[in-house]
Amino acid sequence: MENDNYLKFPDIIRKKIVCGEFSFPKGTCFSYEPIQGFRCIQRAEDDFEAVSRKDFMSYAEMNINRRRVDKNDPHYYGVSLFLNKESVENALKFPRPNKKIAVGKVYSEAGPAEVNRETGHICWWLYDNVEIKGFSIVAEEE
């Protein structure tokens with residue numbers, strides 16, 4: 001990775017970069033125009049609190065240890081979003097009372113992203129201590 005950019009990442013990624021155990025997938029962009037993305041977030045049915053960084057934690061940050069999760073896959077350390085709302089709904093079998101969909105712009109100032117236009121998936125590796133700005137909860141009737 002160029003210069004000291006690795007210092008921008010959370011400790012969990014930074015340590016792996018330094019040890020040579022982490023590299024971004026081919027096609028990851030560090031500089032890009034904002035991209036609209038949709039993300040499933042965990043919320044109580046009546047919780048419409050503003051979207052924040054806690055809604056954008058990677059499996060690694062949450063220490064998820066599911067059987068089918070590969071901790072060697074760089075996507076484990078990124079945040080999953082989709083290019084369209086229907087993809088989120090289909091992937092996560094919406095509607096679900098404890099889940100909501102957030103929409104906003106994925107932007108390079110918050111971290112690099114890999115966009116797969118064929119699958120409609122975005123993986124966003126967030127820098128440490130970034131504030132998520134511009135995301136809001138999608139109204140159910142949209």
Side-chain angles (χ1 to χ4, degrees), residues 1-19 21-66 68-142:
M1 177 175 293
E2 288 181 24
N3 53 44
D4 291 334
N5 273 342
Y6 74 95
L7 295 172
K8 295 180 180 180
F9 291 97
D11 197 41
I12 198 160
I13 296 177
R14 192 171 45 242
K15 286 179 180 176
K16 290 199 165 283
I17 291 171
V18 170
C19 294
E21 297 174 0
F22 180 94
S23 57
F24 292 95
K26 184 177 179 181
T28 299
C29 296
F30 284 79
S31 179
Y32 53 91
E33 293 298 315
I35 306 158
Q36 181 167 278
F38 295 83
R39 176 162 171 79
C40 175
I41 60 174
Q42 191 97 357
R43 291 295 178 88
E45 196 168 355
D46 61 346
D47 181 357
F48 290 91
E49 177 184 322
V51 177
S52 70
R53 177 66 171 93
K54 72 179 182 181
D55 295 309
F56 283 75
M57 292 177 66
S58 68
Y59 280 163
E61 290 171 300
M62 293 185 290
N63 198 24
I64 300 286
N65 289 315
R66 293 192 183 128
R68 41 177 216 190
V69 172
D70 180 1
K71 290 183 177 182
N72 294 317
D73 183 343
H75 299 98
Y76 176 72
Y77 300 88
V79 177
S80 183
L81 298 99
F82 292 86
L83 292 169
N84 63 63
K85 181 181 171 212
E86 294 75 26
S87 294
V88 177
E89 292 171 334
N90 292 336
L92 299 163
K93 299 170 179 52
F94 270 79
R96 295 174 74 176
N98 63 335
K99 307 268 186 189
K100 296 196 179 348
I101 298 174
V103 62
K105 299 287 184 179
V106 174
Y107 49 99
S108 61
E109 295 83 10
E114 174 194 47
V115 179
N116 185 326
R117 300 232 178 250
E118 286 180 26
T119 64
H121 187 264
I122 303 168
C123 188
W124 193 14
W125 292 273
L126 293 167
Y127 294 133
D128 199 17
N129 299 318
V130 295
E131 274 190 49
I132 297 301
K133 58 184 178 184
F135 276 83
S136 60
I137 295 174
V138 175
E140 289 184 27
E141 60 274 353
E142 284 184 20

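Heavy atoms only: backbone and side chains are in, while hydrogens, waters and symmetry mates are out.
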Say whether, by atom type as modelled, one donor and one acceptor occur between the side chain of R53 and the main chain of F56 under 3.5 angstrom. yes

Cation over ring face, K85 and F38, 6.0 Å, 45°: no

Between CD1 of I12 and CD of E61, what distance do you get to the nearest 0.5 Å? 7.0 Å

If the condition is side-chain hydrogen bond (donor to acceptor under 3.5 Å, both in side chains), which residues does K133 pass it with, not counting sequence neighbours? none

Minimum heavy-atom distance C123-G78, with the two atoms named: SG-CA, 3.7 Å

Decide if the gap between the ring center of F24 and the ring center of F9 is smaller than 6.0 angstrom. yes

Kindly write out the residues that satisfy ring pair (Phe, Tyr, Trp, His ring centres under 6.0 Å) with Y107, not counting sequence neighbours, or none if the list is empty. W124

How about Y6 and K16: do any of their side-chain heavy atoms sit closer than 4.5 Å? no

Any luck finding a side-chain donor-acceptor pair between S87 and N90 under 3.5 Å? no

Closest non-hydrogen atoms of Y76 and S58, given as atom of the first, atom of the second and distance, are O-CB, 3.7 Å

Apply salt bridge (charged side-chain N to carboxylate O under 4.0 Å, His left out) to the pair E49 and K54, showing each step before the final yes or no. CA-CA 12 Å; E49 177 184 322; K54 72 179 182 181; 3.4 Å; yes

Does any non-hydrogen side-chain atom of I101 lie less than 4.5 Å from one of I137? no

At their closest point, which heavy atom of S108 faces which heavy atom of S31, and how far apart are they? CB-CA, 4.0 Å

Closer than 3.5 angstrom, by distance alone: can the side chain of R39 be matched with the main-chain N or O of V103 as a donor-acceptor pair? no

Flag, side chain of R43 to backbone of K100, donor-acceptor distance under 3.5 Å: no

Going through the distances and angles, do V115 and V106 end up as a side-chain contact (heavy atoms from CB on, under 4.5 Å)? CA-CA 10 Å; V115 179; V106 174; over 6 Å; no

With P34, which residues qualify under side-chain contact (heavy atoms from CB on, under 4.5 Å), at least two apart? K105

Evaluate the side-chain proximity of V79 to W125: yes if any heavy-atom separation is below 4.5 Å, no if none is. no

Correct closest heavy-atom pair for T28 and P112 would be CG2-CB, 3.7 Å

Does S52 offer a backbone N or O that forms a donor-acceptor pair with the side chain of D55 under 3.5 Å? yes

Evaluate the side-chain hydrogen bond (donor to acceptor under 3.5 Å, both in side chains) criterion for residues H121 and E114: first the C-alpha distance (whole Å), next the side-chain angles of each, then the deciding distance (0.1 Å), finally the verdict. CA-CA 8 Å; H121 187 264; E114 174 194 47; 5.6 Å; no

Check V51 against A102 and note the closest heavy-atom contact, atom names and distance. CG2-CB, 4.0 Å

Does any non-hydrogen side-chain atom of N129 lie less than 4.5 Å from one of Y127? no

Taking C-beta and beyond as the side chain, do N98 and E45 meet within less than 4.5 Å on heavy atoms? no

How about D128 and I13: do any of their side-chain heavy atoms sit closer than 4.5 Å? no

Locate the shortest heavy-atom distance separating A113 from I122; write the atom from each residue and the value. CB-CG2, 4.3 Å

Side-chain contact test, heavy atoms from C-beta onward, threshold under 4.5 Å: evaluate it for L83 versus Q36 and give yes or no. no

Do Y59 and Y77 have their ring centres less than 6.0 Å from each other? no

